[in-house]
Amino acid sequence: MRLLVVCVCVLILAGCRPEQAATAVRVTIPPTIQGVVLATPIPTTSVPPTPTYTPTATPTATHTPTATTTPSRTPVPTDTLTPSLTPTLAPVDMFAFQRPFTRDQVDYIDRTYPYGMGELRGLPIHHGVDIQNPRGTPILAVADGTVYYAGEDRTRLFGPIPNYYGNLVILQHDVLSLDGLPVYTLYGHMQRVDVKTGERVAAGDKIGVVGGTGVAFGPHLHLEVRVGDPDSFGSSRNPDWWILPYPGYGMIAGQVRNPDGSIPAELTVTVRRAGLTGGIPRYAYTYSNDPLINRDPAWREDFTLGDLEADDYDVIVSEANGRIRFRKTVVVEAGHTTWIDITLRP
């Protein structure tokens, strides 16, 4: 992968803005969210000593002869399976974060350059998502937390090269991931940082303003979710799993496999309202094969597409020549993820 990389940010209003605008709301994150474990210390309890008991004599039972004796087979030893050390996680909707902009700003993700895309299109692999707004637009904390880092990345490396994100803020939030790890959000390319390392922030607090520092072309916010290690470029997860949908909106996610079981990289998935041949299509892209792109440990997804108004949708996978290799109608429910397994036709 190239050392010098660029974040390409394309604002396509017709493709990115939901077909029907949601009512302006301020999302309040409840103290307990389905699928999210609050990072509250577990109190340690004292275990009382085990009492010592004086053994008592046990009377011998009187033998009662059995009239008929049924011979039993000698048990055949079987192999003992070693249990897996990795627990199976239930896929649940997390949606713990509000959006980093107010509803009167652009607060939706640019779907032309989503998480996990880039390699086959000659772009840097995207470890986050982009939201484009004018320079100076206030950036808001997506949830309560503590400022892990605030400053620039010329001397402290957070990306593949120095000065990759420019001015940035990293917040550690009061939640754990489904696999029990701390969760962080990274806000990159800021024009100005308005918080300090160690400071406590609440959801909706202003932490800085939009800029174009680092490797950005033009002003926008680069938003990442990192799990476990806030300093690692390879610890990112797809922000779609964490951002709360608009009221009345949901998400589609799924796996895409070739007939032989292999995973096609950066394949286009078209989603449009069912029965509307002239409806505005939405697009998702399967992840690059880059090993630093992580799937959620419970869902194990190959793509996501959020900000879909609750309705019936046709999901279509076709080749560049137009030949359809998969088609299915699914139902998107408000506030939930609709999962779809896609096996391409030969």
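We number each residue from 1, following the sequence as shown. The basis for the numbers below is simple: all heavy atoms, side chains too, and nothing from hydrogens, waters or symmetry mates.
For residues 333-346, no residue pair satisfies the salt bridge (charged side-chain N to carboxylate O under 4.0 Å, His left out) rule, not counting sequence neighbours. Under the salt bridge (charged side-chain N to carboxylate O under 4.0 Å, His left out) criterion, the residue pairs touching residues 246-258 are Arg257-Asp302, with sequence neighbours excluded.
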Salt bridge (Lys or Arg N to Asp or Glu O under 4.0 Å) for Asp107 and Arg103? Distances and angles first, verdict last. CA-CA 6 Å; Asp107 64 347; Arg103 194 68 183 94; 3.2 Å; yes
Trace of the salt bridge (Lys or Arg N to Asp or Glu O under 4.0 Å) decision for Arg111 with Asp130: CA-CA 8 Å; Arg111 299 290 171 180; Asp130 290 341; over 6 Å; no
Would Lys206 and Asp194 count as a salt bridge (Lys or Arg N to Asp or Glu O under 4.0 Å) here? Give the steps. CA-CA 7 Å; Lys206 180 184 174 185; Asp194 292 337; 3.7 Å; yes
From CA spacing to verdict: salt bridge (Lys or Arg N to Asp or Glu O under 4.0 Å), Asp312, Arg273: CA-CA 6 Å; Asp312 295 347; Arg273 289 181 187 268; over 6 Å; no
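For Pro259, the side-chain contact (heavy atoms from CB on, under 4.5 Å) criterion is met by Arg325, Leu344, Pro346, not counting sequence neighbours. Annotation: ring-ring contact (aromatic ring centres under 6.0 Å, His included) contacts of Tyr287 (sequence neighbours excluded): Tyr115. For Phe158, the ring-ring contact (aromatic ring centres under 6.0 Å, His included) criterion is met by Tyr149, not counting sequence neighbours. Residues passing the side-chain contact (heavy atoms from CB on, under 4.5 Å) test with Thr338, sequence neighbours excluded: Ile252, Val330, Val332.
Residues Val201 and Val147 have side chains in contact (heavy-atom distance under 4.5 Å, counting atoms from C-beta outward).
Under the 4.5 Å side-chain contact rule for hydrophobic residues, Tyr165 and Ile161 share a cluster. Put simply, Phe101 and Val209 are part of two different groups of oily side chains (I, L, V, M, F, W, Y) that touch within less than 4.5 Å, one to the next. One hydrophobic cluster holds both Val269 and Leu267 under the rule that ILVMFWY side chains link at heavy-atom gaps under 4.5 Å.
There is a side-chain donor-acceptor pair under 3.5 Å between Glu301 and Trp241. For the residue pair Thr146 / Tyr148, no side-chain donor-acceptor distance below 3.5 Å is found, with atom types taken as modelled. With 3.5 Å as the limit, one finds a donor-acceptor pair spanning the side chains of Asp110 and Thr112.
Tested against Leu168, the residues Thr213, Val193, Leu186 include a single side-chain contact (heavy atoms from CB on, under 4.5 Å) partner, Leu186.
In the displayed structure, Arg154 atom CZ is contacted under 6.0 Å by at most 12 heavy atoms of other residues, nucleotides or ligands.
In summary, the aromatic rings of His127 and His222 are positioned with their centroids too far apart to meet the 6.0 Å limit.
For Arg282 and Tyr313, the positive end is not near the middle of the six-membered ring at less than 6.0 Å and at most 45° from its axis.
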